[in-house]
Peer 1: 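Okay, handing you the structure first.
Position 1 is the first residue of the sequence; numbering continues from there.
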Amino acid sequence: MVIITFGEKLQILRKQNGLSQEQLATKLTISRQSVSKWELDSSLPDTENIILLSKLFHVSIDYLLIDDIEVHENDTATFEEKPQNSEGFLGISNNYLGISLSLMGLFCVLIIGILSSIFPVKIYTAIAGDENSTRITTGISAFIEHNNLEWLIVLCVSFALLGIAIIVYPYMKEKIIMRYPSFEHYLKKSSRKLF
């Protein structure tokens with residue numbers, strides 16, 4: 001059995017996430033030497049940085065600070081914990097929900113595009129009183145206008161954008177919190193389990 005210290009856990013988590021000491025230091029707005037000291041167990045980060053590390057690596061604060069987590073030397077388990085609250089709306093992972101909505105919206109637009117090429121439409125528009133001005137509309141825009149499908153395009157694009165927003169939201173929230181830790185309180189209030 002091996003007891004893993006804070007420094008060893010930090011080094012493992014940092015490497016699992018593909019970060020150098022310099023990159024981690026930049027994310028925490030500290031010096032690389034501080035990260036090095038933490039990994040060598042010659043010092044510990046302050047409370048604010050512990051919280052930031054917990055959020056960055058999606059592990060609990062207890063996991064980071066308590067050294068009595070024992071692992072057998074033969075185990076090949078990774079030390080990364082599951083993200084906290086990884087389930088979103090209706091118990092479905094936010095990534096799956098976002099990807100599903102995006103694909104559904106894009107698939108709908110693709111089908112409309114295919115139908116517009118199978119059933120081509122030409123719309124002739126003339127300005128009243130001017131015999132020489134005629135506008136011919138063809139392609140997907142004519143198909144949508146002729147079949148009154150504007151509402152469907154808006155719905156499809158909305159699904160695609162909503163899906164992308166659901167996927168990107170956690171990453172953007174994490175970046176905002178990492179850069180401006182004081183905004184965490186406001187973000188918690190505004191997103192009371194939206195996703």
Side-chain angles (χ1 to χ4, degrees), residues 9-30 35 45 48-64 76-119 139-141 143-145 147-195:
K9 287 182 220 174
L10 179 61
Q11 187 175 19
I12 290 167
L13 290 169
R14 178 179 58 78
K15 288 180 179 178
Q16 282 179 348
N17 285 274
L19 296 173
S20 66
Q21 287 183 343
E22 186 70 38
Q23 290 169 325
L24 179 59
T26 302
K27 285 182 178 280
L28 299 174
T29 61
I30 58 170
V35 174
E48 183 178 322
N49 284 321
I50 291 283
I51 293 168
L52 291 175
L53 287 168
S54 169
K55 290 179 181 177
L56 177 66
F57 295 128
H58 303 290
V59 295
S60 67
I61 293 172
D62 287 347
Y63 173 80
L64 287 173
T76 58
T78 61
F79 303 106
E80 187 174 0
E81 292 183 359
K82 297 277 186 209
Q84 299 165 352
N85 300 325
S86 63
E87 289 187 359
F89 186 66
L90 298 176
I92 301 170
S93 166
N94 288 341
N95 284 340
Y96 291 131
L97 181 63
I99 290 169
S100 299
L101 284 173
S102 295
L103 289 177
M104 187 169 61
L106 294 174
F107 182 72
C108 180
V109 171
L110 178 68
I111 293 297
I112 291 172
I114 291 170
L115 288 175
S116 72
S117 63
I118 293 173
F119 305 107
I140 192 167
S141 61
F143 181 80
I144 291 168
E145 185 179 336
N147 294 300
N148 296 321
L149 295 177
E150 293 88 357
W151 65 272
L152 185 59
I153 288 293
V154 169
L155 185 67
C156 294
V157 171
S158 298
F159 276 149
L161 292 176
L162 179 64
I164 291 168
I166 290 172
I167 294 168
V168 171
Y169 176 74
Y171 302 107
M172 293 307 294
K173 180 180 174 185
E174 183 176 305
K175 283 189 174 197
I176 290 169
I177 290 172
M178 293 297 285
R179 178 165 254 163
Y180 308 105
S182 60
F183 283 123
E184 182 177 10
H185 174 70
Y186 299 110
L187 286 173
K188 281 184 180 177
K189 274 186 173 179
S190 66
S191 65
R192 295 189 193 248
K193 198 75 167 145
L194 276 178
F195 302 112

Peer 1: Output the distance between atom CG (Leu24) and atom CD1 (Ile30), rounded to the nearest 0.5 Å.
Peer 2: 6.0 Å
Peer 1: How many angstroms lie between CG in Leu56 and CG in Leu19, if you round to the nearest 0.5 Å?
Peer 2: 6.5 Å
Peer 1: Taking all non-hydrogen atoms of both residues into account, name the closest pair between Phe57 and Leu10 and its distance.
Peer 2: CE1-CD1, 3.8 Å
Peer 1: Determine the minimum heavy-atom distance between Phe119 and Phe143, stating which atoms define it.
Peer 2: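 Minimum heavy-atom separation between Phe119 and Phe143: O-CD1, 3.6 Å.
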Peer 1: Which atoms form the tightest heavy-atom contact between Ser54 and Leu64, and what is the distance?
Peer 2: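 Heavy atoms only, the tightest pair is N-CD1, 3.7 Å.
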Peer 1: Which heavy atom of Leu13 sits nearest a heavy atom of Asn17, and at what distance?
Peer 2: O-ND2, 2.7 Å
Peer 1: Over all heavy atoms of both residues, which pair between Glu145 and Glu150 is shortest? Give the atoms and the distance, please.
Peer 2: CA-OE2, 3.5 Å
Peer 1: Say you draw a straight line from NZ of Lys27 to CD of Glu22; how long is it, rounded to the nearest 0.5 Å?
Peer 2: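 Atom-to-atom, Lys27:NZ and Glu22:CD are 13.0 Å apart.
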Peer 1: Find the distance between CG (Leu162) and CG (Leu101) and round it off to the nearest 0.5 Å.
Peer 2: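 Between Leu162 CG and Leu101 CG, I get 5.5 Å after rounding to 0.5 Å.
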Peer 1: Could you state the interatomic distance from CD (Glu48) to OG1 (Thr29), rounded to the nearest 0.5 Å?
Peer 2: 7.5 Å
Peer 1: Starting at CG of Leu53, measure out to CD1 of Ile61 and round the result to the nearest 0.5 Å.
Peer 2: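 Nearest 0.5 Å value for the CG-CD1 distance: 10.0 Å.
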Peer 1: Between side-chain atoms of residues 102-118 and protein atoms elsewhere (two or more places apart, or another chain), which donor-acceptor pairs fall under 3.5 Å?
Peer 2:
{"residue": "Ser102", "atom": "OG", "partner": "Gly98", "partner atom": "O", "Å": "3.0"}
{"residue": "Ser102", "atom": "OG", "partner": "Ala160", "partner atom": "O", "Å": "3.3"}
{"residue": "Ser102", "atom": "OG", "partner": "Ile164", "partner atom": "N", "Å": "3.2"}
{"residue": "Ser116", "atom": "OG", "partner": "Gly113", "partner atom": "O", "Å": "2.7"}
{"residue": "Ser117", "atom": "OG", "partner": "Ile114", "partner atom": "O", "Å": "2.8"}

